[in-house]
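One-based numbering, in listed order, for ligands and for the atoms of each.
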Amino acid sequence: MPQTASRLNVFTESVIRGMTRLANRHGAINLAQGFPDFDPPEELLVALERATRGPHHQYAVTWGAPRFREALARKITRFSGVPVNPEENLVVTCGSTEAMMVAMMTACNPGDKVIVFSPFYENYAADAILSGAEPIYVPLRPPRFDFDRPELARAFAQKPKAIIVCNPSNPTGKVFTRAELIEILALAEQHDAFVIMDEPYEHIVFAPSEHVYCAALPGAAARTITCNSLSKTYSITGWRLGYVQAAPEVIAQARKVHDFLTVGAAAPLQEAAVAGLELPESYYAGLRDLYTRKRDVFLDCLRQTGLPFTEPQGAYYVMVDISSLGFGTDKEAAERFVREIGVAGVPGSSFFREPENRYIRFHFAKREATLRAAGERLLRLREFASNPEALLKSKLQGRD
Ligand code: GLN
């Protein structure tokens, strides 16, 4: 049999999505892959029903159905203040996942370097490899996950073509401040690099933190490529709707990449999602309150385990430090949590460049009842510390 491409040998399938499959097999509560277990807003469901009866069953315009792009442009400008021409500044993609791939292939030639903060959302490393780019990793150091400016400047001195910034950050929950973004932009300008932003959690930010749109900062327009998605804002991760927003010259090239990768995002779903983009300000305030409550409920549950964890400023992930439980690896821990406790998380090592084994990432985009049920089960983490075998035994005795 012929050999498959060697570039595929240097990364694995997504660990996040692998944990979902494991959770499903064992009937565990899935706090691994970040998606809600509650419905999108009623307005979207009504619009989706209506869209099924409309003329939306064939290809939409490749770079996005006009009505969707217009509503999207208005919504982006409403929140970020950035002027967006739907004809020139947007490509609609299949989720932020495709948006990031499009951004990378638009910005980078094979062999170009790209700065990635570590820990990072696992797609970025694979995207870099698939687009032929070489990642340069710059650590974000716990507990605040700040970067060291001289270290970042040294990375920029290696002449990267781009830097990828996830803000609010998955998996750390860090929200980059205006000052940090200005520093990043200044370095990018000095070394003529693109700033590729990934902002699907723009509306999930906890007071007093605030989301700053990099594209809105002075001098950012020409070099910022923003990748985003409707998945988290409207609880529609399965609709796979995302977009790239950038300068017209960049978008003209990005359209070509998108065109030959996927042709386009699903037409009826673009039509229906307009209802989400037109929701009033109160929807977003409600979303922030909803997630603030979920965060508080889940962090309370975690406090009772006695294990240290990160307190997110935004997004909906928490990194729990399990180093005191004495597992060989975080992968082993995550697998045992699924099988023996019934809660799935993601081994933290899949987000780090460094050999870091101490974290499990859990997300809290779940109904409060689900979070409390998970919290009950997670209390049993304490048993691992004293007697790891006890859990297995109680399981065999049918206690759960
Ligand atoms: N962003 C989600 C997570 O980190 C998953 C996204 C995906 O699987 N495409 O869990």
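Hydrophobic clustering (side-chain heavy atoms under 4.5 Å, transitive across Ile, Leu, Val, Met, Phe, Trp, Tyr) groups Trp239 together with Ile76.
At a 4.0 Å heavy-atom cut-off, the residues surrounding ligand 1 are Ile16, Arg17, Ala32, Gln33, Gly34, Thr97, Tyr121, Asn170, Tyr201, Lys232, Tyr317, Arg361, listed by chain and number.
No side-chain donor-acceptor contact under 3.5 Å links Asp39 and Ser235.
Atoms CD1 and CD1, on Ile164 and Ile196 in that order, are 5.0 Å from each other to the nearest 0.5 Å.
Within 6.0 Å of atom CD in Glu281, more than 12 heavy atoms from other residues, nucleotides or ligands are found, so the atom counts as buried in its surroundings. Glu332 CD: more than 12 foreign heavy atoms inside a 6.0 Å radius.
Considering Arg141, Glu354, Glu356, Arg353 in turn, Glu354 is the only one that fulfils the side-chain hydrogen bond (donor to acceptor under 3.5 Å, both in side chains) rule with Ser118.
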